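Computed from a predicted model, the values in this text were never measured in an experiment. Just so you know, ligand 1 is whichever comes first in the structure, and atom 1 is the first atom listed for that ligand.
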Amino acid sequence: MMQDVWTQLGPTIAAIMFSWTMYQNYFPHELRGHIRRYTDKLVSYFYPYMHIIFHEYESEGWFERSKAYVAIERYLSKNSCTQAKRLKANTVKDGQSLVLTMDDHEEITDEYKGEKVWWISSQKAANRQTIALWKEDDKRYFKLKFHRKHRELITNPYLKYVLDEGKAISVRERQRKLYTNNKGEEGGGYRYRGWRMWSGVLFEHPSTFDTLAMDPNKKQEIMDDLQTFSKSKEYYAKIGKAWKRGYLLYGPPGTGKSSMIAAMANFMQYDVYDLELTSVKDNTELRKLLIDTTSKSIIVIEDIDCSLDLTGQREKNKKKDEEDNKEKNENDAIKEKLKRGEAKENKSEVTLSGLLNFIDGLWSAIGGERLIVFTTNYVEKLDPALIRRGRMDKHIVLSYCCFESFKVLAHNYLDVVESYVHFPEIRRLLGEANMTPADIAENLMPKSSKENADTCLERLIKALETAKEEAKLKAEKEEEEKAKAEKEKEEKEEKKKEVAATEEAKNADKENGDVSKG
Ligand SMILES: Nc1ncnc2c1ncn2[C@@H]1O[C@H](COP(=O)(O)OP(=O)(O)OP(=O)(O)O)[C@@H](O)[C@H]1O
Ligand SMILES: [Mg+2]
């Protein structure tokens, strides 16, 4: 039987092989091209599917993986896990977690608006004679197969959906970074990312809006504002504004300005670029730094009043005495920060106009989706041009701890709620004494395993009473000093008047003498 089949098929197979060899070796090249085109056409006439190829590297010698390929890989990871028999593991988040995708030559399906598509991962062996220096030799690609009657649906909305979704997954899963432009002693900042202007470490600050102590309504307002901003790409484009928003956080030290920035970054899933203005050589370097930031980020300039001399003009218009006094306090505070290493001496040539350009000049629009946050202890020191709406769109004051803020801290630090016995007294004392959330937090923190909520709250009550007493004494002292100064001023005036009167009398005597002589 088998013999019969071979007798019949043998000549046919031999004829096909002979024709193929003749075709390969003796058929003219041009003619072969024509034949191939016509056979492709014929096949496509009967074969209803079409495909799109996405290469891992878009062109020869290109260093980076294609963004579309990476987004598709991320998008397909969910379906891969449930459908593919062989998976491939890639590490992400700086080696901290894995992304599983289908291995080469696997096929999985996906559905979009009820239509089925196929994704095939493939690999074409590269020419082994070439030496691949920076990537694997084999050229990977994804092939998307779909029915040609869905061409419109797949090439347009489906692919956009896949790429957007893939990018969103990457953003959600990426490990966020905290960057700084401070080069340090050895210029280490430039080492980490080679040619980049910023150096970065993982952003791991645990502050969130839940742990932030402030008035709940104000907190909600800020969260809504941030959320609206993140969803307003089209709106910003429509009104012709760069997609960025400025926040000015001001208030006394220890009221939660830096904590709020961390909470914002965690809430928005943004990177943080902590800009040390005193380390920026000049306006050109400032612009370069701006260009080198990515979208979905917060650019922070802390203690802006210590970073640049932005006081100039305005002070001339203010009352001299009052201003001198305040100036002294502020300078003391800056000196104190310098001592603690929280501020740097200003050797920078960055000017106010350079900074204004940084915030909303032409270059500020690149990248999009960025928040710019300034913090200061002395808002009145800043030039109005710097903080006007449009530059710093939202001004947020962080102040001394109120009862609402205290409740958040008490819950976070001690797990106690409003019904607690010490709360009414604390509420009363908070109304009478100024204490920053940082000080409250320090008092609430148990210092040993023997301390419980009661001991911590009692300690806080004592601290509040002391603060109240100190504030009273300070106010009395200030009052005394003011009265003393007032008295001294009056005495000086009196003395001046007396001197003037004596002078006048002397002059009058002299004039009289001259007249009598005459
Ligand atoms: N509003 C707050 N909610 C929760 N914790 C706070 C708050 N304010 C201060 N703290 C606590 O006090 C510490 C110091 O706060 P933070 O650094 O945010 O203050 P700041 O306003 O930035 O001060 P500075 O003006 O000196 O930079 C934080 O680590 C945090 O534990
Ligand atoms: Mg701070």
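When non-hydrogen atoms are compared, ligand 1 lies under 4.0 Å from the side chain of Y413 (C-beta onward) but not from its backbone.
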task: Apply the test ring-ring contact (aromatic ring centres under 6.0 Å, His included) to residues Y250 and Y378: give CA-CA distance (whole Å), side-chain angles for both, the deciding distance (0.1 Å), then the verdict.
output: CA-CA 7 Å; Y250 64 97; Y378 303 100; over 10 Å; no
task: Please report the C-alpha distance between L430 and I440 in whole Å, then the side-chain angles of each, then the deciding distance to 0.1 Å, and finally whether the side chain to side chain contact (heavy atoms under 4.5 Å, CB included) criterion is met.
output: CA-CA 10 Å; L430 282 172; I440 300 266; 3.8 Å; yes
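Less than 4.0 angstrom separates some heavy atom of T211 from each of these atoms of ligand 1: 3 (N), 4 (C). Heavy-atom proximity to K257, at under 4.0 Å, picks out these atoms of ligand 1: 18 (O), 19 (O), 20 (P), 21 (O), 22 (O), 23 (O), 24 (P), 25 (O). Proximity to L212 (heavy-atom distance under 4.0 Å) selects the following atoms of ligand 1: 3 (N). Per-residue contacts place N377 under 4.0 angstrom from the following atoms of ligand 1 (heavy atoms of the residue considered): 25 (O). Every atom of ligand 1 with a heavy atom of S259 under 4.0 Å away is listed here by number and element: 15 (O), 16 (P), 18 (O), 28 (C), 30 (C). Distances below 4.0 Å separate heavy atoms of P437 from the following atoms of ligand 1: 1 (N), 2 (C), 7 (C), 8 (N), 9 (C).
A salt bridge is absent between D271 and K177; no separation between the charged side-chain nitrogens and carboxylate oxygens falls under 4.0 Å.
The aromatic rings of Y161 and Y75 sit perpendicular to each other, their planes meeting at more than 60°, with 30° as the lower class boundary. The aromatic rings of W243 and F229 sit tilted, their planes meeting at an angle between 30° and 60°.
For ligand 1, the polar-atom distance check against A213 finds a nitrogen or oxygen pair separated by under 3.5 Å. For ligand 1, the polar-atom distance check against E302 finds no nitrogen or oxygen pair separated by under 3.5 Å. Ligand 1 has no nitrogen or oxygen under 3.5 angstrom from a nitrogen or oxygen of L409. Ligand 1 has an N or O atom lying under 3.5 Å from an N or O atom of S258, backbone or side chain.
A heavy-atom distance below 4.5 Å is not found between the side chains of K407 and R427.
With sequence neighbours left out, the ring pair (Phe, Tyr, Trp, His ring centres under 6.0 Å) criterion links Y158 to Y112.
The set of protein atoms (N, O or S) found at less than 2.8 Å from the Mg ion (ligand 2) reads S258 OG, by chain and number.
Comparing heavy-atom distances from atom 24 (P) of ligand 1 across P253, C401, A438 singles out P253 as nearest.
Using a 3.5 Å distance cut-off with no hydrogens or angles, the side chains of D303 and T376 do not pair a donor with an acceptor. E221 and N217 share no donor-acceptor pair across their side chains, judged by distance under 3.5 Å alone.
When ring centroids are compared, Y69 and F54 stay outside the 6.0 Å threshold.
Pairs passing the side-chain hydrogen bond (donor to acceptor under 3.5 Å, both in side chains) check and including a residue from residues 465-477, sequence neighbours excluded, read E432-K468. Residue pairs that meet the side-chain hydrogen bond (donor to acceptor under 3.5 Å, both in side chains) test with at least one member in residues 433-456, sequence neighbours left out, are Y420-D454, H422-D454, T436-D439, E451-R459, N452-T455.
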